[in-house]
Protein chains: 2
Amino acid sequence: MTASAVRAETRPSLRKRAGNGAATRDVADDVGLDALVGHAGYAVRRFQIWIFQDFIKTLGEVDIRPTQYSVLTVIGANPGLSQMAVAKRLGIERARLVHLLDSLERRKLVKRIKSKEDRRSHALHLTAQGETALAKFKRLAAEHERHVEAKIGKENRAHLLRILAGFT
Amino acid sequence: MTASAVRAETRPSLRKRAGNGAATRDVADDVGLDALVGHAGYAVRRFQIWIFQDFIKTLGEVDIRPTQYSVLTVIGANPGLSQMAVAKRLGIERARLVHLLDSLERRKLVKRIKSKEDRRSHALHLTAQGETALAKFKRLAAEHERHVEAKIGKENRAHLLRILAGFT
DNA sequence: CGACAATTGTTGTCGTCAACAACAATCTTC
DNA sequence: GAAGATTGTTGTTGACGACAACAATTGTCG
């Protein structure tokens with residue numbers, strides 16, 4: 001629909017130039033309305049925006065964003081982790097995790113417990129309230145995942161997860 | 001897939017933690033993600049971050065970021081578009097496009113020409129300098145795309161583009 | 001043992017980006 | 001011609017990644 005919108009107000013000429021032979025070597029000259037189509041980053045970015053928006057909307061009733069969900073999930077699966085460990089695992093900076101945990105702690109979903117072995121670090125745990133809340137979040141997240149399936153197809157989603165498995 | 005992921009969460013599954021007496025400091029690299037695997041959004045987000053970082057690095061010598069590149073590409077392929085049309089095509093807000101164009105115009109890559117038919121809007125064009133610059137950007141972008149191929153495989157990249165074709 | 005380096009959590013700044021809201025100038029429509 | 005919509009612009013808010021600096025603590029090594 002975006003493409004048609006553009007085409008509607010563009011001059012009606014100059015479509016794709018089919019010259020250039022069959023060469024695959026020079027993508028640089030592949031100029032046209034769809035020059036961005038061949039770029040993986042663009043497609044991935046648009047897809048990621050769509051996914052996040054659906055996630056935020058689907059988890060909107062519980063006010064949980066993707067990053068918060070990932071933090072809760074990791075802590076729930078590995079109780080006692082330090083902030084550094086969680087940050088490293090999720091690929092976020094420990095400086096940013098501080099604010100995320102502040103918010104989640106204010107909502108009584110997680111708690112920081114001073115570690116005895118290393119008095120610099122905090123052992124992260126879900127509260128009882130956090131456990132039951134996370135269970136609900138996961139049900140909603142599963143619903144969101146079904147939206148993704150409905151959008152790109154069940155097999156495509158599975159294939160995509162396989163392709164990108166190395167990044168998790 | 002999501003069903004198994006969700007089911008796995010009901011069990012606390014404290015695998016290697018729980019060692020209260022053992023003073024073995026775990027290295028935080030082998031933290032179980034468990035439920036996070038199986039979420040398309042998480043994999044896509046991590047992949048998108050990787051792609052953008054490689055793009056920014058590969059196009060670093062010319063100081064062009066992904067969004068700037070997409071704007072230049074669309075204008076180059078469709079000279080005379082209005083800002084509204086470009087914004088709609090790229091899925092960015094017109095408010096944000098203003099700053100992007102300010103920057104690109106300062107660098108003499110694009111120019112805003114007051115439209116004669118609609119005196120509210122600007123017709124966007126590449127400058128001559130912008131055209132030659134974009135050619136170079138596209139060569140570097142193609143190099144970046146080869147990095148993506150090297151990362152996930154040529155066929156996987158092609159398949160991924162096919163799966164996400166609807167989002168471009 | 002003690003000086004020095006490294007780590008952990010924290011605070012702060014900077015820049016990117018999406019989402020809104022408001023506004024003047026300019027069409028569009030009735 | 002008046003009311004309403006559109007276009008570009010400015011501004012604000014909040015999430016987010018990247019850095020830098022710091023105190024407290026731990027680890028290392030001479």
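Residue numbers begin at 1 in each chain, while the letters A, B, ... track the order of the sequences. We use all heavy atoms of the structure for the numbers below, so side chains are in, but hydrogens, waters and symmetry mates are not.
- Protein atom CH2 of B:Trp50 is 18 Å distant from nucleotide atom P of D:dG17, rounded to whole Å.
- Contact annotation: side chain of B:Arg94 to base of D:dG8, donor-acceptor pair present below 3.5 Å.
- Considering only side-chain N and O atoms, A:Ser121 lies nowhere under 4.0 angstrom from the phosphate OP1 or OP2 of D:dT25.
- Atom CZ of B:Arg46 and atom P of D:dC16 are 14 Å apart (whole Å).
- Taking CZ of A:Phe55 as the start and NE2 of B:His39 as the end, the distance is 7.0 Å to the nearest 0.5 Å.
- Nearest-nucleotide assignment on DNA chain D puts the 5′-proximal partner with B:His99, out of B:His99 and A:Ile92.
- The residue A:Glu93 sits close to a base: some heavy atom pair falls under 4.0 Å.
- Regarding contacts with the backbone of C:dA18, a side-chain N or O of A:Arg45 is found under 4.0 angstrom from either OP1 or OP2.
- Under 4.0 angstrom from either OP1 or OP2 of D:dT9 there lies at least one side-chain N or O belonging to B:Arg112.
- A:Arg65 CZ to A:Leu100 CG: the interatomic distance, rounded to the nearest 0.5 Å, is 10.0 Å.
- The side chain of B:Arg120 contributes no N or O atom lying less than 4.0 Å from OP1 or OP2 of D:dT6.
- Below 30°, between 30° and 60°, or above 60°: for B:His144 and B:His147 the angle between ring planes is above 60°, a perpendicular geometry.
- Protein atom CD1 of A:Ile49 is 14 Å distant from nucleotide atom P of D:dC16, rounded to whole Å.
- Residue contacts shown for B:Glu117 are limited to sugar-phosphate atoms, with no base heavy atom under 4.0 Å away.
- Distances shorter than 4.0 Å separate none of the side-chain N or O atoms of A:Gln53 from OP1 or OP2 on C:dA18.
- Put simply, the side chain of B:Arg119 and the base of C:dT26 share no donor and acceptor less than 3.5 Å apart.
- Rounding to whole angstrom units, NE2 of residue B:His122 and C1' of C:dA24 are separated by 13 Å.
- Summarising the geometry, the separation between CZ on B:Arg65 and P on C:dC14 is reported as 18 Å, rounded to the nearest angstrom.
- Taking CD from B:Gln68 and CG from B:Leu109, the interatomic distance works out to 8.5 Å, rounded to the nearest 0.5 Å.
- The nearest whole Å value for the distance from the CE atom in B:Met84 to the P atom in D:dT9 is 13 Å.
- In this structure, OH of A:Tyr69 is placed 20 Å from P of D:dA15, rounded to the nearest angstrom.
- Of all the heavy atoms in A:Glu145 and A:Arg157, the pair that sits closest is CG-NH2, 3.0 Å.
- As rounded to whole Å, 14 Å separates atom C1' of D:dT10 from atom CG of B:Leu97.
- With distances taken from any side-chain atom of A:Ala95 to the nucleotides C:dC27, D:dT9, C:dT11, the minimum falls on C:dT11.
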